[in-house]
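In what follows, every heavy atom counts, from backbone to side chain, and hydrogens, waters and symmetry copies are set aside. Remember, it's a predicted structure, so these values are computed and weren't measured experimentally.
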Amino acid sequence: MTESAVATVLIDNDVVRVTRWDFAPGAATGWHRHQYDYVVVPLADGTLKRVEADGDTESDLETGAPYFREAGVEHDVISANDHEFSFVEVELKR
């Protein structure tokens, strides 16, 4: 069984939800669908594997270099690192 990534909600109000995700090596978020547009800001360099309906992809992320995705994304996100990895996710509710 795959270990689960740990989600810690830091802010949740009418405007945004900010969640810190912490991954042990190989840990996964589990399959989910994003309700809102969102921005991810990596807190370390690392690689994430995204499992989506149309296939798997890996992305190399750099500390502090954000990326944006629109609402509706469905996937599982898995740490492809041999070290602890974290990012902050900012969901835009408006």
- [ ] Of all the heavy-atom pairs spanning F85 and A44, show the shortest one and how long it is.
- [x] CE1-O, 3.1 Å

TODO: Go through the structure and list residues passing side chain to side chain contact (heavy atoms under 4.5 Å, CB included) with P25, not counting sequence neighbours.
DONE: E84

Open item on the list: Tell me every residue that passes ring pair (Phe, Tyr, Trp, His ring centres under 6.0 Å) with F23, counting only those two or more places apart in sequence or in another chain.
Closed with: F87

Task: hydrophobic_cluster_shared for Y67 and V73, side chain cutoff 4.5 Å - done: yes

Open item on the list: I need the D45 CG to D60 CG distance, nearest 0.5 Å.
Closed with: 9.0 Å

Open item on the list: Which heavy atom of A24 sits nearest to which heavy atom of S79, and what is that distance?
Closed with: O-CB, 3.8 Å

Task: Nearest-0.5 Å distance that lies between atom CG in D56 and atom CD in E58 - done: 8.5 Å

Open item on the list: If only side-chain N and O atoms count, and only distance matters, is there a donor-acceptor pair under 3.5 Å linking R50 with T57?
Closed with: yes

TODO: Starting at OG1 of T47, measure out to CG of L61 and round the result to the nearest 0.5 Å.
DONE: 7.0 Å

Open item on the list: How close do P66 and V39 get, counting heavy atoms only, and between which atoms?
Closed with: CB-CG1, 3.9 Å

- [ ] Answer with yes or no whether the hydrophobic clustering places L10 together with L92; edges join I, L, V, M, F, W, Y residues whose side-chain heavy atoms lie under 4.5 Å apart.
- [x] yes

Without placing hydrogens or testing angles, list every side-chain donor-acceptor pair under 3.5 Å for residues 27-34, not counting sequence neighbours.
unit_1: T29; atom_1: OG1; unit_2: H32; atom_2: ND1; d: 3.4
unit_1: T29; atom_1: OG1; unit_2: D76; atom_2: OD1; d: 3.3
unit_1: T29; atom_1: OG1; unit_2: V77; atom_2: N; d: 3.1
unit_1: H32; atom_1: ND1; unit_2: G30; atom_2: O; d: 2.8
unit_1: H32; atom_1: ND1; unit_2: H75; atom_2: O; d: 3.2
unit_1: H32; atom_1: NE2; unit_2: H34; atom_2: NE2; d: 3.1
unit_1: H32; atom_1: NE2; unit_2: H75; atom_2: NE2; d: 3.3
unit_1: H34; atom_1: NE2; unit_2: H75; atom_2: NE2; d: 3.2

- [ ] List the atom of T2, the atom of G26, and the distance in Å for their closest heavy-atom pair.
- [x] CG2-O, 3.3 Å

Open item on the list: With a 4.5 Å cut-off on side-chain heavy-atom distances among I, L, V, M, F, W and Y, is there a chain of contacts connecting L43 to V16?
Closed with: yes

Task: Main-chain N/O of N13 paired to K93 side chain as donor or acceptor, under 3.5 Å - done: yes

Open item on the list: Do L48 and V88 land in one hydrophobic cluster if side-chain heavy atoms of ILVMFWY residues count as linked below 4.5 Å?
Closed with: no

Task: Nearest atoms (heavy-atom pairs only) where A71 meets Q35 - done: CB-O, 3.5 Å

Task: V9 with V90, same ILVMFWY side-chain cluster at under 4.5 Å - done: no

TODO: Measure the CG-CD distance between D12 and E91 for me, rounded to the nearest 0.5 Å.
DONE: 8.0 Å

